[in-house]
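Down below is the structure, laid out as structure tokens.
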Amino acid sequence: MNIKQNIFLSEYTTLRIGGRVRYFIECITDTDIVDAVTYADNHNLPILPLGGGSNMVIADHAHNMVCIHMVNTGLDVVYEDESSIHISVGAGYLWDDFVEYTVLHGYSGIEALSAIPGTCGATPVQNVGAYGQEVSETIVSVRVYNTASNIFQGFSNTDCQFGYRDSVFKHSSRGTYIIESVTFKLDKKPPSIPQYPRVSDELQLMQEHYPYESQLMHIRRAIQKIRSDKLPDPHHVPNVGSFFKNVYVNPEKFFELQKQFSAIPFFIDGDMYKIPTGWLIESVGLKGYSRDGVGVYDKNALVLINQSSVYSHDILSLAEEIHREVGRKFGLAIEIEPEIVP
Ligand code: EPU
């Protein structure tokens with residue numbers, strides 16, 4: 001077991017914020033995981049599971065914890081027939097590399113989730129979604145190490161209790177489950193085209209530019225283009241993607257809001273109305289606002305960026321200010337999306 005000590009977690013988060021952690025263990029095999037958990041138990045320390053760190057806000061103080069960093073990148077075909085393939089992928093495999101792999105092999109189901117940072121093991125936690133796809137639609141099972149009962153166990157899709165940016169893993173206390181691998185079911189049939197206005201325009205351009213490429217690759221390229229226009233590249237501008245969830249309200253509440261704010265955009269989702277939080281933040285005048293080295297991205301108000309801060313407090317107090325302003329104007333309580341490690 002390779003144990004490092006006093007590692008700065010800011011080096012492992014896309015927000016570039018996070019204090020030192022007492023022990024930091026990289027895990028590839030099942031034995032590595034068991035050994036790391038045993039080490040934490042023996043030292044009576046909490047566990048912090050870490051993937052790509054792309055959806056985490058970690059406090060800048062020292063953490064007396066054992067950080068388990070999954071770096072396993074195995075990829076196995078566990079089932080295949082004429083119409084589909086089931087691929088089990090190690091938690092440490094980079095998500096976008098996996099998306100590229102499936103696109104190049106002609107497997108559909110996750111192509112609209114192109115260009116999302118992070119690792120495969122993190123995707124079930126917040127049920128990663130974009131442009132009409134959510135990983136919950138393709139995940140067959142999630143293999144975890146249960147640190148409470150000290151066994152490896154499988155969670156079926158139903159066991160995961162997926163919801164909008166939600167799963168059972170978000171509700172269990174941190175460190176209970178170490179996600180080891182995820183099995184996805186992908187289709188061999190042609191992909192469905194994401195029903196987003198901008199996607200069809202970009203798709204047409206990609207078809208014209210790359211006539212010999214597959215439809216899957218065209219979708220991937222279109223999404224890559226759209227995301228690069230609307231979301232800051234974490235390699236250059238530290239961020240965690242959407243900092244808040246969109247707001248779901250019932251029709252009664254929605255019509256009440258619409259009476260007051262006639263321009264309010266909405267998307268009908270089942271029997272609920274989804275209101276884009278980006279619009280709410282823009283409407284309170286905070287798009288492009290910055291203070292204390294952190295700010296609201298000027299091309300997309302749902303994204304907070306770290307311009308020069310090393311303090312988690314800066315980003316969280318900006319989030320609080322936004323929460324307060326949106327609450328004051330619209331009477332809506334917006335929720336933070338990334339995981340907060342206090
Ligand atoms: N909008 C504004 N101003 C803004 C930003 C957005 O008015 O500054 C409004 C517009 O009305 C726009 C609407 O918000 O039509 C929706 O915007 P967009 O299509 O960019 O999607 P989103 O709701 O802001 C969600 C996900 C993204 C995902 C996109 C695309 C959440 C929390 N976020 O964002 O996921 O890429 O849809 O499907 O659901 C992430 O989770 O980190 C993430 C980037």
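In each ligand, atom 1 is the first atom listed, and ligand 1 is the first ligand listed. Residue numbers start at 1 and run along the sequence shown.
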Minimum non-hydrogen distance to [atom], winning option of [options]:
atom	options	result
atom 9 (C) of ligand 1	P265, P276, S54	P276
atom 44 (C) of ligand 1	S242, S283, G129, A301	S242
atom 39 (O) of ligand 1	F266, F244, Y164	Y164
atom 27 (C) of ligand 1	R165, E134, Q126	R165

Distance to 0.1 Å, residue and atom name: give those for the protein heavy atom nearest to [atom].
atom	value
atom 34 (O) of ligand 1	L302 CD2, 3.9 Å
atom 15 (O) of ligand 1	F267 CZ, 4.2 Å
atom 25 (C) of ligand 1	N246 ND2, 4.1 Å
atom 1 (N) of ligand 1	W279 N, 3.6 Å
atom 38 (O) of ligand 1	Y131 N, 2.7 Å
atom 17 (O) of ligand 1	K230 NZ, 4.3 Å
atom 36 (O) of ligand 1	R227 NH1, 3.0 Å
atom 6 (C) of ligand 1	G278 CA, 3.8 Å

Quiz item: cation-pi between R143 and F155, 6.0 Å / 45°:
no
Parallel, tilted or perpendicular: which one describes the rings of Y196 and Y131, with boundaries at 30° and 60°?
perpendicular
Parallel, tilted or perpendicular: which one describes the rings of F24 and Y12, with boundaries at 30° and 60°?
tilted
Would you find a donor on one side and an acceptor on the other, under 3.5 Å apart, between the side chain of [X] and the backbone of [Y]?
X	Y	answer
S309	N306	no
Q307	I305	no
D187	K189	no

Any non-hydrogen protein atom below 4.0 Å of atom 21 (O) of ligand 1?
no
Answer yes if a protein heavy atom lies under 4.0 Å from atom 31 (C) of ligand 1, otherwise answer no.
yes
Full working for side chain to side chain contact (heavy atoms under 4.5 Å, CB included) between E208 and L205
CA-CA 5 Å; E208 284 162 21; L205 288 177; 4.2 Å; yes
Side chain or backbone of K287 under 4.0 Å from ligand 1, or both, or neither, by non-hydrogen atoms?
side chain
I'd like to know whether CD of Q204 has more than 12 heavy-atom contacts from other residues, nucleotides or ligands below 6.0 angstrom.
no
Looking at ligand 1, does any of its N/O atoms fall within less than 3.5 Å of an N/O of E337?
no
State the atoms of ligand 1, each with its element, that fall below the 4.0 Å cut-off from a heavy-atom position in [X].
X	answer
N300	5 (C), 8 (O)
G241	42 (O)
Y196	38 (O)
E282	2 (C), 3 (N), 4 (C), 7 (O), 8 (O)
A130	28 (C), 36 (O), 38 (O)

Less than 6.0 Å separating the ring centroids of F244 and H323?
no
Whether [Y] and [X] form a salt bridge (side-chain N of Lys/Arg under 4.0 Å from carboxylate O of Asp/Glu) is what I want to check.
X	Y	value
E80	K188	yes
E335	K245	yes
K225	D201	no

Reported CD1-to-CZ distance for the pair I139 and F184, which is rounded to 0.5 angstrom
4.5 Å
